[in-house]
Number of protein chains: 2
Amino acid sequence: MSDRELIVKHLGLRGHRVTGSRRRVLDALLAAPAHFTVDDVLQRAPGVGRATVFRTMKLLQDMNVVCRVLMEDGSLHYRLSTTGHHHHLLCRHCGRIEDFVNCDVSALVTELSSNTEFEIEGHWLEVYGRCQSCRARSAGPADKRAIGSAADVG
Amino acid sequence: MSDRELIVKHLGLRGHRVTGSRRRVLDALLAAPAHFTVDDVLQRAPGVGRATVFRTMKLLQDMNVVCRVLMEDGSLHYRLSTTGHHHHLLCRHCGRIEDFVNCDVSALVTELSSNTEFEIEGHWLEVYGRCQSCRARSAGPADKRAIGSAADVG
DNA sequence: ACTCTAACTGATACTTAGTCTCATGTCAGA
DNA sequence: TCTGACATGAGACTAAGTATCAGTTAGAGT
């Protein structure tokens, strides 16, 4: 069974209807690049209303089909997701994204809990850098940065 | 020398003018709660234009006077900042924020680098939880959550 | 196969966060 | 005190997302 069919089936199981618009949004998502905005989806799913795309995206977020990606400038993009909780490793230079699940924030959380008396319930972590192929490429001539400064991200 | 005077002095040193509007924005910030939006500042600095507040906020971000805080819903708020790179620990229940600097993400970064061939250049981490006083309070009668679900934050 | 209705839809108006433009105002160096 | 580069406020604009509402439809029940 394809990803598409699986998701469609899941929709049904959760008591949601499988409508033409939802199928079209889904197709648009599955054909989209690593990360995209709602506007990208709108253009790839002509005829589907803006509000419906937003509604569908929210539904798919709840179903863990898509997740949000925090860009360095603070804007939010979307990305297809298969697992539940995970983090992203974004290449600043080509936009490539890798997921990582084995997030060892637990040690940090334990430490923070004892230092601060907070009970930690969740976290959001995005990591930015340069992927292998971009490193290889920039090892050559000039190193042109594709995307702006890191601002308050460190 | 007060915080305010220090920042004003710093403005001058960086070649920026010390104008009435900037002073009013600064006063508004210094009087604001743990985290706030540009709209909050606008209301506390009547007479200053929207665009000017946005411009000033950007300037103060560059100067590390304020930093952005990522709320769990994905919206961005602002907060007074004194140090450079740091992270936030937000209480979901009362909105309180603590900074932490001793972020042990370095171990994670080292691990990620070797696992993924990415060269890590930056990261963004926000941690959500419940502060001590909210824990104490909710240990009593009913536990009413002030803020919604954790969604894709884990 | 037919009916019925709650769920869904697209259009559109609205909200919120932020940027851009431009004529006017003003800080601070000479 | 003059002057020009820097800064300002007003308001139009963009982008992301929400709310409303009358019309449509999936799919459960017969």
Side-chain angles (χ1 to χ4, degrees), chain A residues 7-29 32 35-63 66-79 148 151-152, chain B residues 7-29 32 35-63 66-79 148 151-152:
Chain A
I7 297 165
V8 165
K9 187 176 177 184
H10 218 80
L11 260 180
L13 290 174
R14 286 182 51 134
H16 300 294
R17 290 193 183 161
V18 179
T19 67
S21 297
R22 285 182 178 163
R23 282 178 194 281
R24 269 176 287 162
V25 168
L26 204 48
D27 288 342
L29 292 182
H35 56 103
F36 47 85
T37 62
V38 168
D39 226 59
D40 295 332
V41 177
L42 262 170
Q43 297 192 353
R44 288 165 185 271
V48 180
R50 246 171 67 81
T52 300
V53 173
F54 275 105
R55 283 185 286 237
T56 306
M57 291 301 286
K58 189 162 279 177
L59 188 58
L60 293 175
Q61 268 179 71
D62 290 345
M63 291 171 60
V66 298
C67 57
R68 288 178 300 176
V69 181
L70 178 68
M71 310 306 284
E72 274 190 295
D73 65 358
S75 68
L76 284 172
H77 284 205
Y78 296 84
R79 166 172 168 80
D152 63 353
Chain B
I7 297 166
V8 165
K9 189 176 176 184
H10 217 79
L11 259 180
L13 289 175
R14 288 182 50 134
H16 299 293
R17 291 193 181 157
V18 179
T19 66
S21 298
R22 285 183 177 160
R23 284 179 193 280
R24 267 175 288 159
V25 168
L26 204 50
D27 288 342
L29 292 182
H35 58 102
F36 46 84
T37 62
V38 169
D39 226 60
D40 295 332
V41 177
L42 262 170
Q43 297 193 351
R44 288 165 185 271
V48 180
R50 246 170 65 80
T52 299
V53 173
F54 275 106
R55 282 186 286 240
T56 307
M57 291 302 284
K58 188 163 282 177
L59 189 58
L60 294 175
Q61 268 178 71
D62 290 345
M63 292 172 58
V66 298
C67 57
R68 288 178 301 176
V69 181
L70 178 69
M71 310 305 284
E72 274 188 294
D73 64 0
S75 67
L76 284 172
H77 284 206
Y78 296 84
R79 166 172 170 80
D152 61 355

*Taking the side chain as every heavy atom from C-beta outward, state whether B:His77 and B:Asp40 have any pair of such atoms under 4.5 Å apart.*
no
*asked:* Can you measure A:Arg24 atom CZ to C:dT9 atom C1' for me and round it to whole angstrom units?
replied: 10 Å
_d(CG, B:Leu42; C1', C:dG18) in whole Å_ = 12 Å
*A:Arg68 CZ to D:dG17 P, straight-line distance once rounded to whole Å*: 8 Å
_Residue closer to the 5' end of DNA chain C, B:Arg55 versus B:Asp39 (nearest nucleotide)_ = B:Asp39
*Touch check for B:Gly20, heavy atoms < 4.0 angstrom, all strands: base, sugar-phosphate only, or nothing?*
nothing
_How many whole angstroms separate atom NE2 of A:His16 from atom C1' of D:dG27?_
15 Å
*Is the count of non-hydrogen atoms from other residues, nucleotides or ligands lying under 6.0 Å from A:His10 atom NE2 greater than 12?*
no
_Taking 4.0 Å as the cut-off, does a side-chain nitrogen or oxygen of A:Tyr78 come that near to OP1 or OP2 on D:dG17?_
yes
*When only distance counts, do a donor and an acceptor, one from the side chain of B:Arg17 and one from the base of D:dC6, lie under 3.5 Å apart?*
yes
*Will you find, in the side chains of B:Thr37 and B:Asp39, an N or O donor that is under 3.5 Å from an N or O acceptor?*
no
*Measure the distance from CD on B:Gln43 to P on C:dT16 and round it to the nearest whole Å.*
11 Å
*Within this structure, what is the CZ-to-C1' distance between B:Arg22 and D:dA7, rounded to whole angstrom?*
6 Å
*Counting side-chain heavy atoms from CB outward, which of D:dG9, D:dC6, C:dA17 is closest to B:Thr37?*
C:dA17
*From B:Leu59 CG over to B:Thr52 OG1, what is the distance, rounded to the nearest 0.5 angstrom?*
11.5 Å
*Please check the phosphate of D:dG9 (OP1 and OP2 only) for any side-chain N or O of B:Ser21 closer than 4.0 Å.*
yes
*A:Thr52 side chain: which of C:dA6, C:dT9, D:dG9 is closest?*
C:dT9
*Picking from D:dG17, D:dA10, C:dA11, which would you name as closest to the side chain of A:Ala51?*
C:dA11
*D:dG11 P sits how many Å from B:Phe54 CZ, rounded?*
17 Å
_With a 4.0 Å limit, can you tell me whether A:Lys58 has a side-chain N or O closer than that to the phosphate oxygens OP1/OP2 of D:dG17?_
no
*asked:* Quick check on C:dA7: is either OP1 or OP2 less than 4.0 Å from any side-chain nitrogen or oxygen of A:Thr19?
replied: no
*Is a side-chain N or O of B:Arg44 found less than 3.5 angstrom from the main chain of B:Asp27, in a donor-acceptor match?*
no
*Separation of B:Arg50 atom CZ from D:dC13 atom P, in whole Å?*
15 Å
